[in-house]
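Written below as structure tokens is the structure these notes are about.
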Amino acid sequence: MIVINHATNYRGETVTLELASDESSVIDASGLTLLPAVIDPHVHFRTPGMEYKEDWRTGAKAAIRGGCTTVFDMPNTKPPTFTVDLLRDKKALIDKQLKEVGIPLRYDLFFGADKHHLNQIPNAKGQVIGIKVFMGCSTGNLVIDDDESLHAVFKLAAQQNMLVAVHAEDEHLIQERKANYRGAMEYKAHSLLRDIEVATRAVEKAIALTERYGTRLYILHVSSAEEIALIKAAKQKGLPVFAEPTPHHLFFDTSQYDTLQGRAVVNPPLRDASHKEALFAAIKEGVIDTIGSDHAPHTQDEKAQGYGQCPSGMPGIEFMLPLLLDAHAKNLLTLDEVVSLTSKRARHIFALPEYEDWVLVDLENTA
Ligand code: DOR
Ligand code: ZN
């Protein structure tokens with residue numbers, strides 16, 4: 001058994017915890033705060049096929065360092081996770097990699113929606129946490145850019161009572177922006193080519209599909225005030241719509257292109273600083289539900305390539321909780337809000353069972 005003595009929970013009460021374990025230890029947690037471990041509903045751990053960027057050995061270590069014991073992994077791997085056979089193979093690889101490093105990371109997988117494999121969706125029910133729809137292209141080539149397939153996915157998901165998580169960027173508008181672009185091919189062009197209208201057009205469409213079919217909709221990496229307004233209106237109508245921003249959209253903005261160069265290139269792109277404020281306000285208002293790291297590593301060499309070649313995505317699972325606690329230290333978030341974003345809402349939305357995963361943090365250590 002592991003005993004944790006003298007910890008303070010996030011409500012300020014002193015608590016003692018007795019956790020069933022093969023290990024026998026007593027931890028004096030005086031001065032430390034006990035938080036539920038982070039649930040990260042959005043990671044790209046790259047297995048199978050892109051393990052040179054990341055795998056579950058390295059990803060799990062990063063997760064634990066970030067106070068995270070549960071992750072949901074995305075299907076844009078090589079090959080993508082869009083059949084039940086590929087799903088089974090992926091789980092076997094993950095289990096093997098986690099065993100190798102001895103980290104019992106809890107995980108679930110999203111199933112990739114692909115127009116040629118829609119018949120696989122009912123078979124995946126019960127084996128995945130939801131269906132991921134890329135409405136715009138990102139890393140890999142999973143995309144659903146035709147209305148017929150989109151309708152089919154939302155309808156099927158509603159019938160099967162499966163949640164749909166969307167990468168809400170409109171592929172047609174992205175292609176139109178690229179075709180008409182006459183400016184320099186520099187990293188910051190990314191925020192123009194995939195501007196806010198690219199995101200809102202897709203968010204509007206996804207919400208309309210939810211309204212039509214009743215599908216539970218989880219909107220990934222919400223990045224702008226305009227998306228928030230659409231999501232707020234949908235929630236006010238009572239639609240089952242949930243919103244997740246990333247740490248990079250909460251803490252970075254377009255000024256980061258100057259310092260981070262290609263490492264600041266992500267989909268959806270970084271926005272002007274005003275949107276960070278809108279995201280924090282939306283947390284306070286309860287329009288935002290969770291936070292997902294969108295942990296999407298690439299190699300340094302890949303990220304050093306010029307705009308056009310440099311892939312989108314940045315890592316973040318290690319830093320998500322520390323950044324939120326930093327925001328708490330600056331009075332931008334209450335501890336209640338941090339816990340709600342990092343575990344409570346995700347547990348509710350994805351109907352996860354209660355389990356005893358905790359993280360001890362030192363709130364005084366703000367250096
Ligand atoms: O920036 C991103 N990187 N956005 C995504 O949607 C995918 C991700 C990746 O897998 O690299
Ligand atoms: Zn992602």
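These numbers come from a predicted model, not from an experiment. Counting starts at 1 for both ligands and their atoms, following the listed order. Hydrogens, waters and symmetry mates are skipped; everything else that's a heavy atom, side chains included, is used.
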In terms of side-chain heavy atoms, does [X] have a donor or acceptor partner in [Y] at a distance below 3.5 Å?
X	Y	answer
Ser30	Asp28	yes
Asn267	His221	no
Ser191	Tyr257	yes
Ser255	Asp253	yes
Thr69	Asp357	yes

TODO: Between Asn76 and ligand 1, find which residue part has any heavy-atom pair under 4.0 Å and reply side chain, backbone, both or neither.
DONE: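 Under 4.0 Å from ligand 1, Asn76 contributes side-chain atoms alone.
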Task: Met74 and ligand 1 - part of the residue with a heavy-atom distance under 4.0 Å - done: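 None of Met74 does.
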TODO: Please indicate whether any nitrogen or oxygen in Gly313 is less than 3.5 Å from any nitrogen or oxygen in ligand 1.
DONE: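 Yes, Gly313 has an N/O under 3.5 Å of an N/O on ligand 1.
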Open item on the list: How wide is the angle at the Zn ion (ligand 2) spanned by Asp294 OD1 and His42 NE2, rounded to 10 degrees?
Closed with: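 Value, to the nearest 10 degrees: 90°.
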- [ ] Would you sort out whether Asp326 and Lys330 count as a salt bridge (Lys or Arg N to Asp or Glu O under 4.0 Å), showing the intermediate values?
- [x] CA-CA 6 Å; Asp326 193 50; Lys330 292 173 177 147; 2.8 Å; yes
Task: Phe242 six-ring face occupied by Arg345 cation (under 6.0 Å, within 45°) - done: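 Verdict for Phe242: no cation-pi partner in Arg345.
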TODO: Would you verify whether the NZ or CZ of Arg46 falls within 45 degrees of the ring axis of Tyr52 while also being under 6.0 Å from that six-membered ring's centre?
DONE: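 Arg46 over Tyr52 ring: no.
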- [ ] If a pair satisfies ring pair (Phe, Tyr, Trp, His ring centres under 6.0 Å) and one of its residues is in residues 134-153, list it, with sequence neighbours excluded.
- [x]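 Qualifying pairs: Phe134-His167, His151-Tyr213.
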Considering heavy atoms of the protein only, find what lies nearest to [atom] and give residue, atom and distance to 0.1 Å.
atom	answer
atom 9 (C) of ligand 1	Thr139 OG1, 3.2 Å
atom 4 (N) of ligand 1	Asn267 O, 2.9 Å
atom 3 (N) of ligand 1	Ser312 O, 3.0 Å

Open item on the list: Could you check whether any heavy atom of Arg46 sits closer than 4.0 Å to an atom of ligand 1, since that is the contact criterion I want to use?
Closed with: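 Per 4.0 Å heavy-atom rule, Arg46 contacts ligand 1.
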Task: Atom name, His44 (N, O or S, nearest to the Zn ion (ligand 2)) - done: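 This turns out to be NE2.
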Numbering the atoms of ligand 1 from 1, which are under 4.0 Å from a heavy atom of [X]?
X	result
Ala296	3 (N), 8 (C), 9 (C), 11 (O)
Val266	1 (O)
Ser138	2 (C), 4 (N), 5 (C), 6 (O), 7 (C)
His298	11 (O)

Task: Non-neighbouring partners of Glu337 that pass salt bridge (Lys or Arg N to Asp or Glu O under 4.0 Å), sequence neighbours left out - done: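 Residues passing salt bridge (Lys or Arg N to Asp or Glu O under 4.0 Å) with Glu337: Lys284.
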Open item on the list: For a distance under 2.8 Å, tell me if His167 has an N/O/S atom near the Zn ion (ligand 2).
Closed with: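 False for His167.
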Task: His221 near the Zn ion (ligand 2) via N/O/S, less than 2.8 Å - done: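 His221 does not place any N, O or S atom closer than 2.8 Å to the Zn ion (ligand 2).
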